[in-house]
Amino acid sequence: MLRFIASRLLQGLFVLFALYTITFFLAKAMPGEPFTTEKNLSEESKAYQRALYGLDKPLLHQYLIYPKNIITEGSLAVSTSKGRPVKDIISQSFKVSVILGLSALGIAICIGVPIGVISAVRRNSWVDWGTMAIAMIGICVPAFTIGPLLQIFIAANLPGIKVAGWGDPQDILLPAITLGLSTAAYLARLTRGGMLEILSQDFIRTAHAKGIPASKVITRHALRGGILPSVAFIGPAFAALISGSFIVETIFQVPGMGQHFVNAVISRDEFLLLGVALFFGFLIVIMNLAADILTGILDPRVRITGSSPK
Amino acid sequence: MNSSTQDTKSAEGQHDYSLLQAERGSSLWRDAWLRMGKNKVAIVSLIVFIITCLLCFGFAWFCKDPIQQNLANKFAAPSGEHWLGTDAMGRDLFSRILYGGQVSILVGLVATFVAVTIGVTYGAISGFYGGRIDAIMMRTVDTLLSIPFLMVVIVLQAVLSEWSTTTSKWIVENWGWNKEFTNRATNVLPLFFALGLFGWLTLARIVRAQVLSLKEREFVEAATSLGLSRLRVLFRHIIPNTLGPTVVYATLTVPGFIMYEATLSYLGLGVESPNSSWGILIKEGANYLETNPQLLILPGILFSLTLFALNFLGDGLRDALDVRASKD
Amino acid sequence: MPLLEVTDLKTHFHTRNGIVRAVDGVSFSLEKGQTVGIVGESGSGKSVTCYSMLGLIPMPPGKIEGGSAIFDSINLLNCGEKKLRQIRGKRISMIFQDPMTSLNPYLRIATQITEPLHLHMGMSKNRALKEAIRALDEVGIPEPETRIQMYPHEFSGGMRQRVMIAMALITKPEILIADEPTTALDVTVQKQILDLIKERQRELGTAVVFITHDLAVISEVCDEINVMYAGNIVERAETGQLFKNPRHAYTRALLKSIPAMHAKGDELYTIPGLPPDVSQPINGCAFRPRNELGERNKCLTDQRPKLKDTGADHWVQDCPGCLA
């Protein structure tokens, strides 16, 4: 198991490095100057600024110095648009993002998995068709439609729930729901598929033949294997939540990291861009690792071989 | 007794068996088409999608100019002149929705085409050559798959759209093209590639898995023994046989790309106003939700309806072609 | 009074392509400690017969249309799920064809094998575990104390079937239903498993219903054999009697197709054609189209032939074209 985790961590490092490389060169390919937003900047002060941020060095040097500084100094450089260390910006907003992301993931799991199980057990019934149709709505109606609608119909009518803003605990509710719904829908579909697959297996018949009550057959014998596809989806789901957070943070004015990413692209702030991208990438690597470990715990066959059977 | 077939699901076995007899002699695609015909949801979805396309790409040309502003006639109610009323700039909402649909659907289709082209070629080469080439190519895909898609697309889109603005200017100045048309075209073009360049990963794995199993089959051996070159075998005999999963996956990719387009446009990184796309319309509509909810709801409905149709169509095709979602 | 008496059992599947009459009027009985075999081709309804008795038929599409299965004066077919559950896995157990897929790959052997003990006997965890280790030992699993903590994929096919047998017999059931228990195994392992079933049966006094398509297997373990064809029993006799004096054309054809019964160099016999499509109602003798050994033109065409006793408890379907 330790070897397995170590190999996955190494793989995660590769992913981060690839992400860094892609983002770095794309950021370099972005036309326009990082300082063009300040209109009256003279050529000298521009050059001064560039030197200050190390942007005058050769490309290869810049490409190598950034990861070196992360490792040796733990530094993520300084944001060119905000003039503050990227680390500070991230550490201020990251708690908000993590709270929002995890509550959305929690909502998605609590809604999606039970719905998937129920519709698999009641396959081809009205319950099944109904919930799967609703799941499809969750996939097809974008967050930027659901969000404003929730603002109008819930925040405007329920006391204590604000249309937008961040501060009170209940402020998490609407953005987390908006963010979590489509993930919940995907999870419901995946769980249903996984459960259907497991419920058709021979060992389920064995369990019934042992006289185990139907509800226990589902919880004890089927659920473990049935939620495996959903567990494997946790990594991608978290990536989707991060993407979704760009939008949800805008709608509900949540001071998370997503807005920094979007602003960094718009204002050509490559250090902020790299910092946030790598941080998000890091989170996703961690979630993927968590999903892998969880899969190993649930499926003993993976534990031994380190890869899924079939 | 020579039979060693299993008997555990005898009733179902019997059932399958009779099916097999009934359908013997017709081709895979005809079977699929027949099965598809029985799937009412899929057929309705297909019709809905065709109607939407006809409206957006046909009927739209007879509608009002979607960019023509009329500040004196803001937020007009539906009337004979403006079927769905007008928006905050007095522009005709109906025609904006249809023109927006052009962009959204086109982005979905073209980006999928780009993704399918790359994905099929990549996956086929990887699966066909196998060995170390395959290992390296698939490791690359695995790594890229772990990278958050939208993040990279956002940055790539920023790069491409800058280039396209420059190109647009250059074309207008040097070739004398219509400025409005050029702007519109170059505004959308980067999206095709930003999405397509990163959307091929999953398809590459699906095609690779297909090719791996196909190349062991007899007809490939037969083709090779006839002296056809390897590449010819690959393109003439193997790739056509991966069509089923590819069609299913592509159908399910289109709505995903339409959603991404809307997301990018919503963030101000895709199509830009006054050009129209469903994402733009929803974004603009959200500003007036309290006073004029139809500005968000109407484009939202057509948007979601199209996504619905494409997703159900993809599900229907998957059932009809009997393609299982391969995850590994 | 027999331990289990099945009378006129009918199980149909209502599918989109029509009603599949998988079991269409089957009757047989089982005495205490007896081994009864049910033999037939794939799709003849032998497994469905047993699944129906234990309520293991997926409903829908399956439906039990009629008949009774009396066990200890309880009709298993309509006693209700709750009562049936108390019998299933405690007094009537089952083992299945494919030991590779019949054990839950996600749970330890210990969890699976002690489950019936918790469920039906209310045993404590420790006692159940001890009991389970003893049961594994009895079916010939080496080092049961350590192996019980393993997962199914760490066992070979034969070992898994031993686990299945231990699990099925752990509650000392009165009836064991063995659904093709050796089909998926290597020939060398088959014999061991058959011996094990026989041995355990002798020690526990369990009655066994043995389902198989393999006549060689069935001749080795069964006291009495039922031959099934297209959802009906076409012949029933004591094992020796059936092999010595098969009466029905189908039974004769089956026996003729056993490779071991051929002289070296002789061509193997195969029954022509395919089993009938049971989604169409069958009027008359179901075997008529494939009947080569009897006289096809004399087969019944207006009604399905009924079982009749030809003496010495040898029952055959009363079809003039098939009887010999």
Side-chain angles (χ1 to χ4, degrees), chain A residues 11-12 14-19 22-23 26-32 133 136-137 139-149 151-152 156 182 193 202 205 229 232 235-236 238-240 242-244 246-247 250-251 261-262 264-266 268 273 276-277 280-281 283-285 288 307-308 310, chain B residues 8-9 41 139-140 142-160 162-163 165-166 198 255-256 258-260 262-263 266-269 278-279 282-283 285-287 289-290 293 296-297 299-301 303-312 315 324-325 327-328:
Chain A
Q11 221 174 316
F14 259 114
V15 170
L16 282 182
F17 194 72
L19 175 63
I22 292 174
T23 320
L26 280 179
K28 286 295 171 196
M30 285 196 292
M136 201 51 119
I137 294 177
I139 290 172
C140 293
V141 180
F144 41 87
T145 306
I146 292 178
L149 289 176
Q151 284 177 323
I152 291 292
S182 70
D202 288 349
R205 190 182 53 196
F238 200 72
I242 287 173
S243 312
F246 300 164
I247 281 180
T250 317
I251 298 174
F261 183 79
V262 178
V265 174
I266 292 170
R268 307 286 179 260
L273 178 65
V276 176
F280 277 141
L283 288 181
I284 290 169
V285 166
N288 271 323
S307 68
S308 136
K310 278 180 219 176
Chain B
T8 42
K9 287 169 189 157
V41 178
R139 250 315 93 87
T140 313
D142 283 347
T143 309
L144 289 177
L145 265 176
S146 313
I147 290 175
F149 179 64
L150 189 67
M151 260 164 60
V152 181
V153 168
I154 285 177
V155 187
L156 184 61
Q157 166 68 12
V159 174
L160 292 178
E162 280 284 348
W163 289 353
T165 314
T166 326
F198 274 86
I258 293 181
M259 182 68 104
Y260 276 121
T263 308
Y266 185 87
L267 291 172
L269 292 160
W278 285 337
I282 293 172
K283 178 189 181 173
N287 295 331
L289 189 53
E290 271 164 281
L296 178 141
I297 290 174
I301 286 177
F303 176 85
S304 301
L305 205 63
T306 307
L307 259 56
F308 251 120
L310 284 166
N311 274 314
F312 279 125
D315 281 357
R324 282 168 51 91
K327 288 195 194 65
D328 41 17

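For clarity, every value in this text was computed on a predicted model and none was experimentally measured. A, B, ... follow the sequence lines: proteins, then strands. Residue 1 opens every chain.
The candidate with the highest count of non-hydrogen atom pairs below 4.5 Å against chain A, out of R139(B), M259(B), K283(B), is M259(B). Of the listed residues V262(A), V265(A), I247(A), L149(A), the one with more heavy-atom pairs under 4.5 angstrom with chain B than any other is I247(A). Interface summary for chain B: among G12(A), P142(A), G235(A), the most heavy-atom pairs under 4.5 angstrom belong to P142(A). Ranked by heavy-atom pairs under 4.5 Å with chain A, the first of N311(B), I258(B), I301(B) is N311(B). The candidate with the highest count of non-hydrogen atom pairs below 4.5 Å against chain A, out of V41(B), V159(B), L310(B), is V159(B). Considering only heavy-atom pairs separated by less than 4.5 Å from chain B, the leading option among A133(A), A264(A), C140(A), A239(A) is C140(A). In terms of non-hydrogen atom pairs under 4.5 Å with chain A, the most contact-rich of I282(B), L145(B), V152(B) is I282(B). Across G244(A), A29(A), G281(A), the residue that shares the most heavy-atom pairs under 4.5 angstrom with chain B is A29(A).
In this structure, F246(A) and I154(B) have side chains that are in contact, with non-hydrogen atoms separated by less than 4.5 Å. Side-chain contact check for T145(A) versus F303(B): every heavy-atom pair is 4.5 Å or farther apart. Side-chain contact check for F261(A) versus L150(B): every heavy-atom pair is 4.5 Å or farther apart. In this structure, the side chains of S243(A) and M151(B) stay at 4.5 Å or more apart for every pair of heavy atoms.
Only the side chain of D315(B) comes within less than 4.5 Å of a heavy atom of chain A; its backbone N, CA, C and O stay farther away. Heavy-atom distances place both the backbone and the side chain of L267(B) under 4.5 Å from chain A. Contact annotation for L144(B): only side-chain heavy atoms (C-beta onward) come within less than 4.5 Å of a heavy atom of chain A. Heavy atoms closer than 4.5 Å to chain B are found in both the backbone and the side chain of I137(A). Looking at F308(B), the atoms closer than 4.5 Å to chain A (heavy atoms on both sides) sit in the backbone and in the side chain alike. Contacts between L156(B) and chain A at a heavy-atom distance below 4.5 Å involve backbone atoms as well as side-chain atoms. Of the atoms belonging to L19(A), heavy atoms from both backbone and side chain fall under 4.5 Å from chain B.
Between atom OG of residue S304(B) and atom CD1 of residue I139(A) there is a gap of 12.0 Å, rounded to the nearest 0.5 Å. Rounding to the nearest 0.5 Å places CG of L26(A) at 8.5 Å from CG of L160(B).
Taking each heavy atom of V15(A) and T143(B) in turn, the nearest pair found is CA-CG2, 3.8 Å. Counting all heavy atoms, side chain and backbone alike, A27(A) lies closest to V155(B) at N-CG1, 4.3 Å.
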- prompt: Hey, mind stepping through T263(B) and F144(A) against side chain to side chain contact (heavy atoms under 4.5 Å, CB included) and telling me if it holds?
  reply: CA-CA 8 Å; T263(B) 308; F144(A) 41 87; 3.9 Å; yes
